[in-house]
Amino acid sequence: MSESKIKPLAAPPKHVAVIMDGNGRWAKARRRPRFMGHKAGVESVRAIVNSCVDYGVEVLTLFAFSSENWRRPEEEVGALMSLFATVLDLEVKKLHKSNVRLRIIGELSAFTPKMQKLIEKAERLTAGNSGLILVIAANYGGRWDVTQAAAKLARQVEQGELSAADISPEMMDGAMSLAELPEPDLFIRTGGEKRISNFLLWQLAYTELYFTDTLWPDFKGEAFEEAMLSFSQRQRRFGKTGDQIEQGRK
Ligand code: IPE
Ligand code: IPE
Ligand code: MG
């Protein structure tokens, strides 16, 4: 537990998914290289992990590197990779002490063998923990995720283990990267853009969306509390009418 005094929510989101955007602009505003923004962003990662533990959030998914981010200048991609490696190496021990279970999703085969080993080691070390599940999406793309899930089911059909007619949304769920975890209840994007940028396409079907202009390195403490407050004021109807939801509460 961190020492912040948050107001507990009656029904906190079980799963929060975040596009951590705005690091580059944060650095530019300070006339610093973009990389300094990414470095400063690590501080916000620590803060949101602690806040999620305080609020009783079960799963936190963070978009760290998209399948499209390889298009950035080589220098920035390299800097992001070494930052990722350092964080994996140093932060994981602290996460482990906080009982956090780490899971990395994405097309991991694109990473260097050294990085893949670090990922494996981090997941193995924290696998038995029972606290917050921290999911890091790295070289992740929503379209890739849907495609790999379809391919997984197609292979089962090919092998005669499954009939194509039996394929259901639930089966797709089970083949997706976030299988067995609850769907995100709250999606947050910092940095002012209002787009999904190929993040969780399948899983965000009924997620509450929250966009803020705050840049990721500034997204700490109160900024997250505001997002949680906004979530607590929403009525989730899942296709029903507002009256039905009200009646269900009585
Ligand atoms: C998000 O910040 C971090 C990554 C994509 C890795 P950006 O680097 O996209 O920051 P802006 O959008 O350029 O400000
Ligand atoms: C999305 O941010 C990816 C991550 C935060 C890791 P981008 O900054 O790459 O998104 P676009 O390209 O502006 O949509
Ligand atoms: Mg960006």
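Note that ligands are numbered from 1 as they come in the structure, with each ligand's atoms numbered from 1 the same way.
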* Using 4.0 Å as the upper bound for N to carboxylate O, is an ion pair formed by E91 and K94? -> yes

* Asked: Can E193 and R25 be counted as an ion pair, charged N to O under 4.0 angstrom?
  -> yes

* A64-ligand 1 polar pair, N/O distance under 3.5 Å -> no

* Asked: Is any N or O atom of R34, backbone or side chain, closer than 3.5 Å to an N or O atom of ligand 1?
  ->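 Yes, since at least one N or O of R34 sits under 3.5 Å from an N or O of ligand 1.
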
* ligand 2 N/O within reach of N69 N/O, cut-off under 3.5 Å ->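 Min N/O separation from ligand 2 is below 3.5 Å for N69.
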
* Asked: Any N or O of S197 that comes nearer than 3.5 Å to an N or O of ligand 2?
  ->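 Yes; at least one N/O pair falls below 3.5 Å.
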
* Asked: Name the one of Y206, F63, F211, Y210 that satisfies ring-ring contact (aromatic ring centres under 6.0 Å, His included) with F187?
  -> F211

* Closest protein heavy atom to atom 10 (O) of ligand 2, given as residue, atom name and distance to 0.1 Å ->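 Heavy-atom neighbour on the protein nearest atom 10 (O) of ligand 2: R189 NH2, 3.3 Å.
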
* **Nearest-option assignment for atom 7 (P) of ligand 1, heavy atoms, candidates L215, V77, D21** =>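 Result: the heavy atom closest to atom 7 (P) of ligand 1 is in D21.
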
* Asked: Between the candidates N23, L83, I19, T190, which shows the shortest non-hydrogen contact distance to atom 2 (O) of ligand 1?
  -> N23

* May I ask you to decide if P184's main-chain N or O and T207's side chain share a donor-acceptor pair within less than 3.5 Å? =>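 It does hold such a pair.
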
* Using heavy atoms and a threshold below 4.0 Å, how should the contact between R72 and ligand 2 be classified: side chain, backbone, both, or neither? ->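 For R72, the contact with ligand 2 is made by the side chain alone.
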
* Select one of side chain, backbone, both or neither to describe which atoms of F65 lie under 4.0 Å from any atom of ligand 2, heavy atoms only. =>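 The part of F65 near ligand 2 is the backbone, not the side chain.
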
* Asked: Is it true that R195 lies under 4.0 Å from ligand 2, counting heavy atoms only?
  -> yes

* Asked: Should M20 be listed as contacting ligand 2, given a heavy-atom distance under 4.0 Å as the test?
  ->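 M20: in contact with ligand 2 (<4.0 Å).
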
* In a check of side-chain contact (heavy atoms from CB on, under 4.5 Å) between L186 and each of M228, K14, H15, which one passes? ->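 Between L186 and the candidates, side-chain contact (heavy atoms from CB on, under 4.5 Å) is satisfied uniquely by M228.
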
* Asked: What is the name of the N/O/S atom in D21 that sits closest to the Mg ion (ligand 3)?
  ->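 The nearest such atom is OD1.
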
